[in-house]
Every structure is written in C-alpha cells, then in structure tokens.
Amino acid sequence: GIVLTAAGERLNVLARECFASLLDFKSGCKGLPVEIVIGAGESVIDWVLMPRLAEVRKKVPNVRLKFLNLATSDVVRRLGDGVIDFGVVRKDAVARPLRWVSLGVMGYSLFVPEGLESSGTGAKLLEALPLATLEGEGSFRKELAAIARKNRLRLRIEIECASFPLVARAVATGSVAGILPSVAAVDLGRLGVREMRVGVLDSLRREMCLAWNPRVLKIRTVLERACQVFSQAF
C-alpha cells in the first residue's frame with residue numbers, strides 16, 4: 001500500500017545516477033573494471049552481440065559487460081529509468097528522450113534441416129513443412145498470423161518455444177523447420193541447415209538500433225567510448 005510519489009520517483013532516478021557516477025569514479029581510481037549493462041532479446045544477444053564480443057572487449061578494455069535478456073518494452077523502460085546503460089531493440093520502439101543509432105535491418109528466413117523434404121515452393125513451403133516458432137501473442141506471432149491470413153496459408157506449427165534460440169535448437173534436431181531471424185545462420189549454417197528466403201516473410205523485417213539515455217551518458221562519461229564501439233561493432 002506504499003508507493004513513491006512523483007517527487008520520490010524523480011529522486012530515485014537522481015540518486016541512482018549519482019551512485020552510478022560515484023561507483024565509476026571509485027572503480028577508476030582503483031583500476032577496477034567499470035560495469036556496463038546491455039539489455040536485448042535472447043536472439044540478439046546470441047547471434048548479434050556475442051559473435052562480436054572479442055572485438056568489443058579489445059576496444060573497450062577494463063570493463064565488465066552484463067547482458068540482460070529482456071523484452072523490448074522492458075529494455076525501453078529500464079533505459080528511461082537509467083537502470084541499464086544500452087539496449088538493442090527495434091527502432092520503432094524507441095522514443096524521446098532516448099537516443100539511438102541504426103544497426104541495420106534484421107530480416108527473417110525459413111530454416112530447413114537436411115533430410116526434411118517438401119514439394120512446396122515459395123510461400124507454400126510455409127504450410128508444407130512442420131514448423132517450430134515462438135509461443136505467445138507477441139508482435140512476431142501476430143505478424144506471422146497476418147501473413148498466413150493474407151496468403152491463405154495453413155501453417156503446420158508443431159513446436160512452440162519461449163525464444164528464437166530455443167526454436168533454433170528444435171530446428172537443429174532435424175525434425176522441424178523454423179522461421180527465424182536471418183542472423184541465426186551464424187549457428188545453424190554450421191549444422192548443415194539450409195537458409196531459405198521466402199518473399200512473404202519480408203514484412204517481418206525490422207530496423208534494429210542501439211539505444212541509450214543521453215542523461216546517463218552525460219553523467220557516466222566512461223560510456224561515451226563504449227557507445228561508439230558498440231554502434232560500430234554491432
């Protein structure tokens with residue numbers, strides 16, 4: 001029954017920023033690594049951020065990177081509150097006062113394991129193959145359902161998972177195909193899984209960006225270099 005007033009919420013943000021700045025100062029004086037927190041979805045962490053980890057660590061030494069698997073709405077909210085330092089999210093999810101830099105467009109492909117044959121072509125492949133996909137009623141499932149309706153497809157969804165990396169693991173078993181971000185080829189390509197571009201999936205494409213709170217960067221100047229490195233590496 002006790003909640004912060006508007007003034008209390010503002011004070012909470014100011015105190016958090018102040019202590020973060022003091023912690024950076026203390027770590028710098030002692031030569032200790034500075035913590036940088038990055039929020040993103042599991043698929044982005046697995047297939048976009050982790051493959052570039054060695055490059056980032058080389059260009060931003062003496063930091064401790066913390067990756068948080070978060071939904072897009074949580075990333076945006078925590079950036080606004082100053083709880084995390086950076087986020088990798090859809091561009092259309094970011095609003096002022098946050099700032100962002102584009103990282104490019106993430107497309108989606110159909111991934112088909114070896115031995116899983118189908119007589120269908122193009123969009124018909126989507127109903128000719130057993131599929132694994134995300135569970136729930138998030139934006140991806142809604143858009144996929146819209147594609148099915150528009151093209152009069154009856155999708156054979158046989159496996160539902162909580163994240164794209166889990167869908168990829170299902171595809172890797174060889175028993176189902178999956179609609180995944182094209183960057184999943186980083187892992188699945190090594191396993192002999194074919195990546196197939198299907199035109200009707202183009203509507204799933206989304207521009208991704210690195211987002212941050214300029215107020216936090218102003219207070220924690222150590223993050224300015226990290227911002228430059230992340231925007232180039234990712």
Could you tell me whether the side chain of [X] and the main chain of [Y] form a donor-acceptor pair under 3.5 Å?
{"X": "Arg52", "Y": "Val48", "result": "yes"}
{"X": "Ser182", "Y": "Gly107", "result": "yes"}
{"X": "Arg206", "Y": "Leu204", "result": "yes"}
{"X": "Glu127", "Y": "Arg154", "result": "yes"}
{"X": "Arg141", "Y": "Thr133", "result": "no"}
{"X": "Arg169", "Y": "Pro165", "result": "no"}

Look at the side-chain heavy atoms of Ile, Leu, Val, Met, Phe, Trp and Tyr, link any pair under 4.5 Å apart, and say whether [X] and [Y] land in one connected group.
{"X": "Val34", "Y": "Val83", "result": "no"}
{"X": "Val229", "Y": "Val37", "result": "no"}
{"X": "Leu49", "Y": "Ile36", "result": "yes"}
{"X": "Val112", "Y": "Val176", "result": "no"}
{"X": "Ile45", "Y": "Met106", "result": "yes"}

Which atom names give the shortest non-hydrogen contact between [X] and [Y], and what distance separates them?
{"X": "Leu98", "Y": "Gly80", "value": "CD2-N, 4.0 Å"}
{"X": "Pro181", "Y": "Phe111", "value": "O-CE1, 3.7 Å"}
{"X": "Leu116", "Y": "Gly174", "value": "CD1-O, 4.3 Å"}
{"X": "Val200", "Y": "Ala123", "value": "CG1-CB, 3.9 Å"}
{"X": "Leu4", "Y": "Glu9", "value": "CB-CG, 3.8 Å"}
{"X": "Arg16", "Y": "Gly82", "value": "CD-O, 3.7 Å"}

Within-4.5 Å side-chain heavy-atom neighbours: [X] and [Y]:
{"X": "Leu134", "Y": "Cys161", "answer": "no"}
{"X": "Trp100", "Y": "Leu79", "answer": "no"}
{"X": "Leu188", "Y": "Leu180", "answer": "yes"}
{"X": "Ser102", "Y": "Lys91", "answer": "no"}

Roughly how far, to the nearest 0.5 Å, is [atom2] of [Y] from [atom1] of [X]?
{"X": "Arg57", "Y": "Arg64", "atom1": "CZ", "atom2": "CZ", "result": "11.5 Å"}
{"X": "Phe164", "Y": "Ile179", "atom1": "CZ", "atom2": "CD1", "result": "9.0 Å"}
{"X": "Asp85", "Y": "Glu35", "atom1": "CG", "atom2": "CD", "result": "7.5 Å"}
{"X": "Phe230", "Y": "Arg225", "atom1": "CZ", "atom2": "CZ", "result": "10.5 Å"}
{"X": "Leu201", "Y": "Leu110", "atom1": "CG", "atom2": "CG", "result": "7.0 Å"}
{"X": "Leu223", "Y": "Asn213", "atom1": "CG", "atom2": "CG", "result": "10.5 Å"}

Practice item. Mind running side-chain contact (heavy atoms from CB on, under 4.5 Å) on Cys209 and Val88 for me, showing each step along the way? Key: CA-CA 6 Å; Cys209 70; Val88 179; over 6 Å; no
Exercise for review: Carefully, step by step, assess Met50 and Val186 under the rule side-chain contact (heavy atoms from CB on, under 4.5 Å).
Suggested key: CA-CA 11 Å; Met50 288 301 176; Val186 170; over 6 Å; no
Check your understanding: Who pairs with Asp92 by side-chain hydrogen bond (donor to acceptor under 3.5 Å, both in side chains), at least two apart in sequence or on another chain?
Key ->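 For Asp92 the side-chain hydrogen bond (donor to acceptor under 3.5 Å, both in side chains) partners, ignoring immediate neighbours, are Arg90.
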Practice item. Could you tell me whether Arg156 atom CZ has more than 12 heavy atoms of other residues or ligands within 6.0 Å of it? Key: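 Yes.
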Exercise for review: Count the heavy atoms belonging to other residues, nucleotides or ligands that lie under 6.0 Å from CZ of Arg215, then report whether that count exceeds 12.
Suggested key: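 Count over threshold, so yes.
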Practice item. Flag the pair Arg77 and Asp74 as a salt bridge only when some basic side-chain nitrogen lies within less than 4.0 angstrom of an acidic carboxylate oxygen. Key: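 The answer is yes: the pair qualifies as a salt bridge.
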Check your understanding: After noting the C-alpha distance and the side-chain angles of Glu143 and Ser203, does the key distance pass the side-chain hydrogen bond (donor to acceptor under 3.5 Å, both in side chains) rule?
Key -> CA-CA 8 Å; Glu143 292 176 32; Ser203 61; 5.7 Å; no
Exercise for review: Go through Leu155 and Leu144 one step at a time and tell me if the side-chain contact (heavy atoms from CB on, under 4.5 Å) criterion holds.
Suggested key: CA-CA 10 Å; Leu155 302 181; Leu144 184 60; 3.9 Å; yes
